[in-house]
**Student:** 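Below you'll find the structure I mean.
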Protein chains: 2
Amino acid sequence: MKDYDLTREVSDKYSLRGRVFTKIRDDILNGVYKEHEELKEARIGKELGVSRTPVREALRQLELEGLVQIIPNRGAFVTGISAKDVRDIYMIRSRLEGLCARWACEHITREQLESMEENVYLAEFHAGKGHMEQMAELDNQFHHTLYRACDSKMLEHLLNDYHEYLLRVRKKALSSIDRGTASNKEHRSIMEAIRAGNADLAERLASEHMKNAYANMVSNGLYDLYGK
Amino acid sequence: MKDYDLTREVSDKYSLRGRVFTKIRDDILNGVYKEHEELKEARIGKELGVSRTPVREALRQLELEGLVQIIPNRGAFVTGISAKDVRDIYMIRSRLEGLCARWACEHITREQLESMEENVYLAEFHAGKGHMEQMAELDNQFHHTLYRACDSKMLEHLLNDYHEYLLRVRKKALSSIDRGTASNKEHRSIMEAIRAGNADLAERLASEHMKNAYANMVSNGLYDLYGK
DNA sequence: GTTCAGATGGGTGTATACAATTATACATGC
DNA sequence: GCATGTATAATTGTATACACCCATCTGAAC
């Protein structure tokens, strides 16, 4: 039998369900749907020109992604993210990114390391110019490369989940240019620790990188929008 | 608006879909369905006396739980767990259980602590008698109490996921009575560290507890069944 | 004014029909 | 013999119909 890919992802980007799933998901992450807003199957289906069936399936999946909550016989609602949830996720990520960096020391490929180097180099340029948009994109890229480099589908997928989950919050919490610069320096340190194969150091730096990102967010008070 | 529960769980235990979901899930965890076995909607529906609709929805959810993989237009297959996946999960859990124990130091309730004490006490009794069945059940219970005690829905849910995910493997890897005794001693240490409010110690002990559990599993060579 | 039974409307839950896709078997050509 | 094409069966993907559940409103009884 063929050796199928084991990661748990929403397959089938090209089916109706896949398209509906992606659409609703993006709308939630981009704030089109607010917290606790009800998502009615019929309305969404009508909007996208499909029947309720693929919409239902998409919603059921989004429930497990954590973006939607379904109450039996009542409906689907956009989940709220509390300040505590955000804090918890950052702390969970700090542990996991640390583990990820540790594993990356052993498993990173030449290409991945070069991609990281390029990323850090480029980010310095954009930081100097104050290009926030590009900084954010490069930040995403850096982390995805790191997740890749740990060579663990389990961990990579988990970290991707959380990373994307937080996009809802990060979209609002525009980080300052100062934080961007500091963050990129941390990226450089992490990369160098990995290149040197220093697993203990890499784990510690990556873990602290997350804690710093969270602390910055709190000090900016920007995610209070979501607090109760 | 009502303050709905935010955890991402499969709600609706009493709908057909909920029952189908639970049934298939249990069958996979109990080894009724083997790795890479195909799960056909029509057959399962017929067996359970329901139509394909709830079966489909259950399968789509199981996909995100990681127990099933769906290939578009092809079908649903039971996912395989490789030896590496098991190792990765144990390492991930070691970090997260550590974090969980740390948080429990601050948030554990009187009842939860008493439940842990009772658990450890009872486990000593069963260890002496060689009651493996009860030991396994108490082990599950201890961890669930710990997950509860950290007072984080995010972390609790994540750990529950992994815990249950590994049941497939643990069912086969019957641990020895020696490991049971050692494991329970570790439980006691963790509990005492939490009771003393020593977060650093609790985190370290809980983290090592997982690594030990994994090491024991490897030394018994029992999960090689799943290796490639 | 308050409470509660019943009607009602809007929504989800499930079954079923049909369309689209894929697997299988078999024939055909080289 | 082997590869390739084609017909057919089997299976999944989607639309639709209807049953069922629940929130809301109404009105009568008190």
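Numbered from 1 within each chain, the chains take letters A, B, ... in sequence-line order.
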**Student:** Side chains of A/Ser152 and B/Lys84, heavy atoms from C-beta outward: is any pair under 4.5 Å?
**Tutor:** yes
**Student:** What is the separation between atom CG on A/Leu16 and atom P on D/dT12, rounded to the nearest whole Å?
**Tutor:** 18 Å
**Student:** How close or far is atom P of D/dA15 from atom CZ of A/Arg17, stated in whole angstroms?
**Tutor:** 13 Å
**Student:** Taking only the side-chain heavy atoms of B/Glu41 (C-beta and beyond), determine which of D/dC22, D/dT12, C/dA15 contains the nearest atom.
**Tutor:** D/dT12
**Student:** Using whole Å, report how far CD of A/Glu63 lies from P of C/dT12.
**Tutor:** 14 Å
**Student:** Mind calculating the distance between CZ (A/Arg60) and P (C/dT12) to the nearest angstrom?
**Tutor:** 10 Å
**Student:** Using the test ring pair (Phe, Tyr, Trp, His ring centres under 6.0 Å), find all partners of A/His143 that sit at least two apart in sequence or belong to another chain.
**Tutor:** A/His163, A/His187, A/His209
**Student:** Ignoring hydrogens, what is the shortest heavy-atom contact between A/Ala76 and A/Ile70? Give both atom names and the distance.
**Tutor:** CB-CG1, 4.0 Å
**Student:** Name every residue in residues 42-58 of chain A that has at least one heavy atom under 4.0 Å from any atom of DNA chain D, in order of residue number, or write none if there are no such residues.
**Tutor:** A/Val50, A/Ser51, A/Arg52, A/Thr53, A/Pro54
**Student:** Please give, in whole Å, the distance from D/dA10 P to B/Arg74 CZ?
**Tutor:** 18 Å
**Student:** Taking N or O atoms only and anything under 3.5 Å, show me the protein contacts with nucleotides 19-21 of chain C, one pair per line.
**Tutor:**
from	atom 1	to	atom 2	distance (Å)
C/dT21	O3'	B/Asn73	ND2	3.3

**Student:** Can you list every ring pair (Phe, Tyr, Trp, His ring centres under 6.0 Å) pair that touches residues 38-71 of chain B, not counting sequence neighbours?
**Tutor:** none
**Student:** A/Ala149: which residues meet the side-chain contact (heavy atoms from CB on, under 4.5 Å) condition with it, sequence neighbours left out?
**Tutor:** A/Ala104, A/Ile108, A/Gln112
**Student:** Rounded to the nearest Å, what distance is computed from the NZ atom of residue A/Lys40 to the P atom of nucleotide C/dG10?
**Tutor:** 10 Å
**Student:** Applying ring pair (Phe, Tyr, Trp, His ring centres under 6.0 Å), which residue pairs with at least one partner in residues 48-71 of chain A are found, sequence neighbours left out?
**Tutor:** none
**Student:** Please give, in whole Å, the distance from C/dG11 P to A/Ile71 CD1?
**Tutor:** 16 Å
**Student:** What residues, two or more places apart in sequence or in another chain, satisfy salt bridge (Lys or Arg N to Asp or Glu O under 4.0 Å) together with A/Lys23?
**Tutor:** A/Asp27
**Student:** Which residues pass the salt bridge (Lys or Arg N to Asp or Glu O under 4.0 Å) test with B/Glu47, not counting sequence neighbours?
**Tutor:** B/Arg43
**Student:** Restricting to salt bridge (Lys or Arg N to Asp or Glu O under 4.0 Å), what partner residues turn up for B/Arg52, sequence neighbours left out?
**Tutor:** B/Glu41
